[in-house]
Amino acid sequence: MTAITFRNHVIGRVDNPFLILDSGIEVHGPDHDTLRAHAADAMMKAITSDDKSGWPRGRWITFEIEGHQFKAKMHRNDIWVQTR
């Protein structure tokens, strides 16, 4: 498994939820924080008006970072991320 790296790093807020990664995704350090920040941002942008909790639970949200394709969904209070 090759580690996913990003050119530009984005540091998420300290209150971001935990990130659960599928076995095919290996990210560390600032790349992990960048993936978490982008996943949280994609989830926040996908909020629907019928979701009172503020998170779109039970459905996959797709997003891209520097050509890498991902999908994420809520898992308890965490974000579960897979590659697309």
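Counting heavy atoms from C-beta on, the side chains of Asp33 and Val10 never come closer than 4.5 Å. Between Phe18 and Ile20 there is no side-chain heavy-atom pair separated by less than 4.5 Å. At a threshold of 4.5 Å between non-hydrogen side-chain atoms, the residues Thr83 and Asp22 do not count as touching. Proximity of Leu21 to Trp80: side-chain heavy atoms (C-beta onward) are nowhere separated by under 4.5 Å.
Atom NZ in Lys71 sits 9.5 Å away from atom OG1 in Thr62 (nearest 0.5 Å). Here Ile25 contributes atom CD1 and His32 contributes atom NE2; the two are 9.5 Å apart, rounded to the nearest 0.5 Å. To the nearest 0.5 Å, the span separating CZ on Arg84 from CZ on Phe70 amounts to 10.5 Å.
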Indicate every side-chain donor-acceptor pair of residues 37-46 with a distance under 3.5 Å to a residue at least two apart or in another chain.
residue: Asp41; atom: OD2; partner: Lys45; partner atom: NZ; Å: 3.1

query: Are Asp78 and Leu19 close enough, and set up right, to give a side chain to side chain contact (heavy atoms under 4.5 Å, CB included), and what steps lead you there?
result: CA-CA 6 Å; Asp78 310 322; Leu19 192 63; over 6 Å; no

- prompt: Do Phe6 and His68 pass the side chain to side chain contact (heavy atoms under 4.5 Å, CB included) test, and can you show the C-alpha distance, the side-chain angles, and the key distance before you say yes or no?
  reply: CA-CA 9 Å; Phe6 305 117; His68 298 282; 3.6 Å; yes

message: Walk me through whether Val81 and Leu35 qualify under side chain to side chain contact (heavy atoms under 4.5 Å, CB included).
response: CA-CA 9 Å; Val81 174; Leu35 180 56; 4.3 Å; yes

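His9 pairs by the side chain to side chain donor-acceptor pair (under 3.5 Å) definition with Asp31, not counting sequence neighbours.
A donor-acceptor pair under 3.5 Å is formed between the side chain of Glu66 and the backbone N or O of Asn8.
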